[in-house]
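The structure appears below as structure tokens.
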Amino acid sequence: MSVLPKRVGGCCAGCGQGCAATPGRVLRVGLIGQPNCGKSTLFNAVAGYRSATGNYPGTTVRLTWSRVRVNGAEIELIDVPGIYSLSASSPTEKAAKQFLLSREVDVIVNVVDASLLGRSLELTLELQELGVPMVVSLNMMDEAHRKGMAIRVPQLSQELRAPVVETIATRGVGVRELFSRVMAPPDLVPGPVTSSGWTAETERAISRLERGIASGSGSRAGARFLAVKLLEKDEDILGQAGPEARELAGRVGEEFAQAHGHALDDVVVRERRERAAALAEQTVSAGRPHADFREALDDLLTHPFWGYVFLVLVLGSLFWAVFGIGRWTEKELLGALGAAFAPVTAGLGHHALAYALASSLWDGFVGGAAIVLPYLIPFLFGLALLEDTGYLPRIAYLLDGLCHRIGLHGTSVVPVVLGYGCSVPACLATRVLPSRRDRFLATVLATLVPCSARSTVIFALAAFYLGPAWALTIFAFNALVVFASGWLLARLWPEVSMGMILEVPRYEWPSLRMTARKVWLRLREFVVVSWPLLIGGSAVLGLAEYWHWDRVLNMALSPLTRVLGLPPAVGVTLIFGVLRKELTMVMLVQALGTTNLHAVLSTAQILAFTVFVTFYVPCLASLAAMTKEIGRKLTALAAAYSFALATMLALAARILLTALHLA
Amino acid sequence: METILWTHLGEPMASFSEEEKPAALIPLDALPKANRAEVVDLPPGRGARRQLGDLGIFVGAVLRKERSAPLGGPVLVRVQGTLVALGRRLAHRVLVRILP
């Protein structure tokens, strides 16, 4: 994803750079909530263009940090990844737990989906044990009303001993009020809770361990939370706790089991769940729900037959829309921008060096404006709509059966589909998968799928010069290769995975503003990083050609270009492609000195080039993301695999086409 | 399931008269569409139990089966007002009792 928070991890894990609570520094507020509770939307409502929102559990897998001005005061807002509880141990949940335990946060804003109050309050009760001041944002009140729920907010607030504010983040309702409570004078914010509604015997066990931890560490901060987690046998916390605390926790648990005949860890979880359910029951009056057409919609969209028909229709129309808009815009822009440059050509006619520089800079600019953006913008927009409407998890549901045929976890469909946008967030999205093996498989497959940059190459080369049918063929062929690769890899690394557990959130009417923000956020990556790189790269290539330096590189790469049946001048473009995939095509124009590529390249050559670019080594940013997720060794393996695959497939495409006399 | 239990445990408990006899336990994937059921048993393993519990699927929870996807795809259940998709193999290990 394009947002690189200024201080990812470092500060939150305690970097010692003035992060400790010092008087006079700004209030640090952590936004925490279950997936799909509208937390990121709330974050965006105040933080502006800083974080993407998503409907898929785990879209915001890293902590996004933003310094914002709310109600006239400056605060630091931290968007913590969506988590269901502080008990599970997926990488996302671990990251969130670590952040909360680091005690870097002054106030917690717990965002709760009001329409799912009972389930959501379990997390609220867990957070309460941290002893950090907390404000509850009772979000999605519109959905709760639609369900006929009337929530007695003052009572809930009293029971939770925390301010509760009703909000509708998508429309900005209640957001000002929420933050005024966050910044309220301390006497309104409750201190640590000592009796949090456990039964007497459970409370005794917790208090005993809490006192033990507090006297051991000399600090009461977080002792209660640690005590509860130790008694729950939380693996992370057990791993971090000192031997005395672990031993005491074991003893307390054993004595409890002997005295009451139940395992204490089960009792803790059950009591919290029951308390959450009871709280919801006490504070909610259920009325008549309004008829919800979305349930009827789901009957259709998850239907065993019509569901697939719609899936094909949705993905098909996405393809045709991107291609249609892109092609028309590309043609118009190439014409207009070409005409605009004509006077410069005339003016610089006999200054060879100046002309080489000016025209290559211009080519880089045109490449971005006329060849990349016309496809990239509609593509990102379509993908953001799939995410924001909540259709993406339905795709996962529909394709899970098929995935299992090739030994994949159905949830991995989501990273793979996200891979069509950009491989980097796709790699991050693999964190929701339960095992290392599933994450590796999904990462490899997600990076094999053509990202928007590679799709741009497919659109702008294959579709533009050879026709849309060829582009569609490449996409279909790619899907087949991804499928086959999954099958192969699943057999090389077999494992019986637990299977899909995925919440399918209700459909949301996408807010145009939020979707546009998300598109911009991903687009910004291109505009501020790739486009300048593209212009600079184009200039370097232009000058290299002027002084004939490119020949060295092309010569070095000639074994590869010869195998692919491409002119040697293409070699250098493939190096640029490792930086950014869209550079290959723009550089191709620059290297061959024409925008009418079909005049200098045969159909077979264009196809071989497109196929190669579609499959070969992921770009640098993806490689970095992959290394972070699956490690250096597996990343190298995946890169080698994709390179071998690209070479073989491009060669096969060329031979096949030549043999069929299609080229 | 029930009959297997009885054969292993001997005679049925005397306290159950014919009318009070509880409905048979069936795996979730065999639950007919649009039926409500109570969760009676979950697959072993803390990880799965925690994850299921987080989404409202725990012993004693009431859910409604919406449908299941073809090709051995997941089972879609509505629980506490939200939809959850469970892989078929996992759903097979969740035992439920049909509610009227």
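Just so we're on the same page: letters track the sequence lines, and every chain starts at 1.
- Contact of A/Arg273 with chain B is made through the side chain alone, with heavy-atom distances under 4.5 Å.
- The neighbour count for B/Arg36 CZ, taken as heavy atoms of other residues, nucleotides or ligands under 6.0 Å away, does not exceed 12.
- Judged as a side-chain hydrogen bond (donor to acceptor under 3.5 Å, both in side chains), and not counting sequence neighbours, the contacts of B/Arg67 are A/Thr302.
- With respect to chain B, the highest number of heavy-atom pairs below 4.5 Å among A/Ile83, A/Asp299, A/Asp298 belongs to A/Asp299.
- With respect to chain B, the highest number of heavy-atom pairs below 4.5 Å among A/Glu232, A/Lys147, A/Glu122, A/Gln34 belongs to A/Glu232.
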Verdict with reasoning, A/Lys229 to A/Glu235, per salt bridge (charged side-chain N to carboxylate O under 4.0 Å, His left out)
CA-CA 9 Å; A/Lys229 284 292 146 205; A/Glu235 282 153 29; over 6 Å; no

Report all side-chain donor-acceptor pairs from residues 73-85 of chain B shorter than 3.5 Å, counting only partners two or more places apart or in another chain.
| from | atom 1 | to | atom 2 | distance (Å) |
| --- | --- | --- | --- | --- |
| B/Arg78 | NE | B/Glu66 | OE2 | 3.3 |
| B/Gln80 | OE1 | A/Arg119 | N | 3.4 |
| B/Thr82 | OG1 | A/Glu503 | OE2 | 2.9 |

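- In this structure, chain B has a heavy atom under 4.5 Å from the side chain of A/Tyr308, while its backbone stays farther away.
- A/Arg272 does not touch chain B: none of its heavy atoms, backbone or side chain, sits under 4.5 Å away.
- Panel note: side chain A/Arg394, backbone A/Gly390; a donor-acceptor pair is recorded below 3.5 Å.
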